[in-house]
Amino acid sequence: MRERSAAVLEGAQGAPRVAPDAAWFTRSPQEVALGLLDAHVRAKSADGAVTVRLSEVEAYGGADDPGSHAFRGRTARNAAMFGPPGHVYVYFTYGMHWCANLVTGPDGEASAVLLRAGEVVEGVELARTRRPTSRTDRDLASGPARLANALGIRGGHDGADALDPGGAVSLRVREVPAGGVAGGPRTGVSGDGGLARYPWRYRLEGDPTVSRYRAA
DNA sequence: CTCGAGATGGCCT
DNA sequence: GGCCATCTCGAGT
């Protein structure tokens, strides 16, 4: 199945990026996901800071979403998803990789947006040292685990408050949403319902840094 | 550029 | 014990 495209970055070009507050994240994961496109995610550590401009994200619901880690209820692993909005939810997958999400919706309800891909716009040299296998800079954060790795986000960041501008992870979102982005197929939802029922994967169409891994 | 296969460990049933 | 919200590498077009 081929994906359809849509307009890109209309109105957002030149719009300032601002630090979001809790209310900004207290919305549906789909709304937040669209708002996060073209946002800056910054992570600082003792080594320095890396900032990624997001080009691809994916929304996850809670008990109503079979593709969500929270589908079967709260566990120690997914506890951050049930916590306050604007915090980081980090999980370990495939025995190797960390992936970073931002929690959405009211405290106590589980939903989040997975950060799938982006472009490193600050700290490229540090990101290269963390991702020595990247052949080109566009691959530094072109995938969920690649992005988390480039930012230096690991399990220790689980639950971190991304609304604190001075925190280890901080955000600046477009004052005018990038908008006009197609919903692509999701991973993790088998069968024909994947795209039809949960078209919650969003990207900046034509952006060279989007992940090349697309669900079958 | 694309495709296919293997690695690898925590979580959930 | 099976299942992954994946990545890298090698080989083929």
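Lettering follows sequence order; numbering is per chain, from 1.
The side chain of A:R201 places no N or O atom within less than 4.0 Å of a non-bridging phosphate oxygen (OP1 or OP2) of C:dA5. Between A:R135 and the phosphate of C:dT8, there is no side-chain N or O to OP1/OP2 separation shorter than 4.0 Å. Neither OP1 nor OP2 of C:dA5 sits under 4.0 Å from any side-chain N or O of A:T93.
The nearest whole Å value for the distance from the CG atom in A:N149 to the P atom in C:dT6 is 15 Å. Between the CH2 atom of A:W98 and the P atom of B:dT8 there is a distance of 17 Å, given to the nearest Å. One atom, OH of A:Y91, and another, P of C:dA5, lie 7 Å apart when rounded to the nearest Å. The CD atom of A:E58 sits 14 Å away from the P atom of C:dC4 (whole-angstrom rounding). Spacing between atom CZ of A:F71 and atom C1' of C:dA5 amounts to 15 Å, rounded to whole angstrom units. Atom C1' of nucleotide C:dA5 and atom CG of A:L147 are separated by 13 Å, given to the nearest angstrom.
When every heavy atom of A:Y60 is checked against every heavy atom of A:S68, the shortest pair comes out as CD2-CA, 3.9 Å. The two residues A:P20 and A:L163 come nearest to each other via the heavy atoms O-CD2, 3.5 Å. For the pair A:P85 and A:P106, the tightest heavy-atom approach, listed with the atom from each and the gap, is CD-C, 4.4 Å. Considering all non-hydrogen atoms of both residues, A:R77 and A:D158 come closest at O-OD2, 4.4 Å.
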For this session: Quick one: do A:R130 and A:D47 satisfy side chain to side chain contact (heavy atoms under 4.5 Å, CB included)? Show the steps, please.
Result: CA-CA 11 Å; A:R130 289 171 173 165; A:D47 305 358; 4.1 Å; yes
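Taken together through direct or relayed side-chain contacts under 4.5 Å among Ile, Leu, Val, Met, Phe, Trp and Tyr, A:M96 and A:L115 form parts of separate hydrophobic clusters. Note on A:L147: it does not cluster hydrophobically with A:V121, by side-chain heavy-atom contacts below 4.5 Å among ILVMFWY residues. A:L126 and A:L140 fall within the same hydrophobic cluster, where Ile, Leu, Val, Met, Phe, Trp and Tyr residues are linked whenever their side-chain heavy atoms come under 4.5 Å apart, directly or through other members.
Screening residues 85-97 of chain A for side-chain hydrogen bond (donor to acceptor under 3.5 Å, both in side chains) gives A:H69-A:Y89 as the qualifying pairs, with residues at least two apart or on separate chains. Identified under the side-chain hydrogen bond (donor to acceptor under 3.5 Å, both in side chains) test for residues 99-115 of chain A, with sequence neighbours left out: A:T104-A:S111.
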Polar atom pairs (N or O), protein with nucleotides 11-13 of chain C, under 3.5 Å:
none

Report each atom pair, protein N/O against N/O of nucleotides 10-13 of chain B, whose distance is under 3.5 angstrom.
| unit_1 | atom_1 | unit_2 | atom_2 | d |
| --- | --- | --- | --- | --- |
| B:dC12 | OP1 | A:T75 | OG1 | 2.5 |
| B:dT13 | OP1 | A:R72 | NE | 3.2 |

Seminar exercise, completed: Dot-bracket for DNA chain B, 5' to 3', Watson-Crick and G-U pairs with both distances under 3.5 Å, [ ] for crossing pairs, | for partner on another strand, reads |||||||.||||.
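Using a 5.5 Å limit on the distance between ring centres and a 30° limit on the angle between planes, the aromatic ring of A:Y94 counts as stacked on the six-membered base ring of C:dC4.
The A:M96 side chain lies nearest to B:dT8 when the options are C:dA5, C:dC9, B:dT8.
Judged as a side chain to side chain contact (heavy atoms under 4.5 Å, CB included), and not counting sequence neighbours, the contacts of A:T136 are A:R138, A:D139.
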